[in-house]
Engineer: 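Could you have a look at this structure, given as structure tokens, before my questions?
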Amino acid sequence: MQSPFVLLGGAARARAIAATFYDIMDRDEPRLAKLHTLDDEGRVHPSAREKFALFFVGWLGGPQDYVARHGHPRLRMRHMHVPIDVEMRDAWRRAMSRALDEHGVEGTLRSFLDAKLRGLADHMRN
């Protein structure tokens, strides 16, 4: 069975989806964006974007560069200082869903990713 990483088309496409996700967050979900470190223009800082891209690639089954650089994700622990309620969870899911839409992710892969991302987002509530 091929990993979602392979089915999506590899690192370049996963990174493009991650970039689009943050572009959408900056544009459409400003309350969510403000939970992140922002750059001088008020957009999610490039370092946060890069860290998520590394995580996303590994989460999809690609190279584990995030783990090599930052250690185990320990998502809940690393995000405990950030207030993630139902509203922020749903904003995160909307931005990710739109990013997947913009990149034409469909069919069985989309259904699989939607379910996994829904579970991930819900797990992050604190």
Side-chain angles (χ1 to χ4, degrees):
M1 175 155 178
Q2 292 184 318
S3 69
F5 176 78
V6 170
L7 294 172
L8 270 178
R13 188 146 184 240
R15 285 180 157 281
I17 291 168
T20 300
F21 165 69
Y22 278 105
D23 292 344
I24 290 166
M25 185 188 303
D26 284 331
R27 183 187 70 225
D28 299 339
E29 304 289 353
R31 290 188 64 221
L32 178 62
K34 288 178 182 171
L35 294 178
H36 297 77
T37 301
L38 303 178
D39 65 15
D40 293 338
E41 297 173 11
R43 295 173 38 108
V44 175
H45 196 275
S47 64
R49 289 169 171 253
E50 174 61 15
K51 200 170 189 179
F52 178 78
L54 288 173
F55 166 78
F56 191 55
V57 164
W59 182 83
L60 289 166
Q64 298 299 306
D65 295 336
Y66 178 94
V67 173
R69 293 182 193 174
H70 304 288
H72 188 283
R74 294 186 179 103
L75 293 176
R76 285 184 54 85
M77 181 194 79
R78 291 182 195 257
H79 290 81
M80 196 54 69
H81 70 283
V82 180
I84 304 173
D85 59 12
V86 170
E87 183 179 346
M88 291 300 99
R89 176 204 65 193
D90 292 349
W92 190 93
R93 288 180 48 205
R94 280 191 303 272
M96 183 54 77
S97 182
R98 289 179 191 143
L100 293 173
D101 288 346
E102 285 193 24
H103 287 272
V105 180
E106 300 175 328
T108 304
L109 176 59
R110 177 59 181 265
S111 298
F112 175 81
L113 290 175
D114 283 345
K116 291 295 189 182
L117 291 165
R118 185 172 39 254
L120 177 63
D122 199 51
H123 174 73
M124 297 304 296
R125 289 186 308 134
N126 58 22

Engineer: Identify whether M88 and M80 are in the same connected component of the hydrophobic contact network (ILVMFWY, side-chain heavy atoms under 4.5 Å).
Structural biologist: no
Engineer: If I compare all heavy atoms of A91 with all of E29, which pair ends up nearest, and what's the gap?
Structural biologist: CB-OE1, 3.3 Å
Engineer: Any chance you could measure T20, atom OG1, to M96, atom CE, to the nearest 0.5 Å?
Structural biologist: 10.0 Å
Engineer: Do the two ring centres, one from F21 and one from F56, sit under 6.0 Å apart?
Structural biologist: no
Engineer: For residues L60 and S3, determine if any side-chain heavy atom of one lies less than 4.5 Å from a side-chain heavy atom of the other.
Structural biologist: no
Engineer: Answer yes or no: is there a side-chain heavy-atom contact under 4.5 Å between L32 and R94?
Structural biologist: no
Engineer: Does any non-hydrogen side-chain atom of L8 lie less than 4.5 Å from one of H103?
Structural biologist: no
Engineer: Check the pair R89 / D122 against side-chain contact (heavy atoms from CB on, under 4.5 Å), numbers first and verdict last.
Structural biologist: CA-CA 6 Å; R89 176 204 65 193; D122 199 51; 2.6 Å; yes
Engineer: If the threshold is 4.0 Å, N to carboxylate O, is there a salt bridge linking E50 and R15?
Structural biologist: yes
Engineer: With rounding to the nearest 0.5 angstrom, report the CG to OG distance, D90 to S97.
Structural biologist: 11.5 Å
Engineer: Do L7 and T108 come within less than 4.5 Å of each other through their side chains, counting heavy atoms only?
Structural biologist: no
Engineer: Should D101 and R110 count as an ion pair when the cut-off is N to O under 4.0 Å?
Structural biologist: yes
Engineer: Taking atom CZ of R78 and atom NE2 of H70, what is their separation to the nearest 0.5 Å?
Structural biologist: 8.0 Å
Engineer: Can a donor-acceptor pair be found, under 3.5 Å and without considering hydrogens, that links the side chain of R76 to the backbone of R125?
Structural biologist: yes
Engineer: Determine whether H45 and L38 make a side-chain contact, defined as any pair of heavy atoms from C-beta on separated by less than 4.5 Å.
Structural biologist: no
Engineer: How long is the straight-line distance from CZ of F52 back to NE2 of H36, given to the nearest 0.5 Å?
Structural biologist: 8.5 Å
Engineer: To the nearest 0.5 Å, what is the distance between CZ (F55) and CD (Q64)?
Structural biologist: 9.5 Å
Engineer: Would W59 and L120 count as a side-chain contact (heavy atoms from CB on, under 4.5 Å) if you check the C-alpha gap in whole Å, the side-chain angles of each, and the deciding distance to 0.1 Å?
Structural biologist: CA-CA 11 Å; W59 182 83; L120 177 63; 4.2 Å; yes
Engineer: With sequence neighbours left out, write down each residue that passes side chain to side chain donor-acceptor pair (under 3.5 Å) with N126, or none if nothing qualifies.
Structural biologist: none
Engineer: Using the side chain to side chain contact (heavy atoms under 4.5 Å, CB included) criterion, which residues pair with D26? Sequence neighbours excluded.
Structural biologist: A33, R43, V44, R49
Engineer: Less than 4.5 Å apart, side chain to side chain, heavy atoms only: is that true for W92 and I84?
Structural biologist: no
Engineer: Does this structure show an ion pair linking D28 with R98, if we count only N-O contacts that are shorter than 4.0 Å?
Structural biologist: yes
Engineer: Using the side-chain contact (heavy atoms from CB on, under 4.5 Å) rule, take Y66 and V57 through it: C-alpha gap first, then chi angles, then the decisive distance, then the call.
Structural biologist: CA-CA 8 Å; Y66 178 94; V57 164; over 6 Å; no
Engineer: Start with the C-alpha gap between E102 and I24, add the side-chain angles, then the distance that decides, and say whether side-chain contact (heavy atoms from CB on, under 4.5 Å) holds.
Structural biologist: CA-CA 10 Å; E102 285 193 24; I24 290 166; 3.6 Å; yes
Engineer: Between P4 and F112, which heavy-atom pair has the shortest distance, and what is it?
Structural biologist: CG-CE2, 3.5 Å
Engineer: Might you point out which heavy atoms bring V67 and H72 nearest each other, and give the distance in Å?
Structural biologist: CG1-N, 4.4 Å
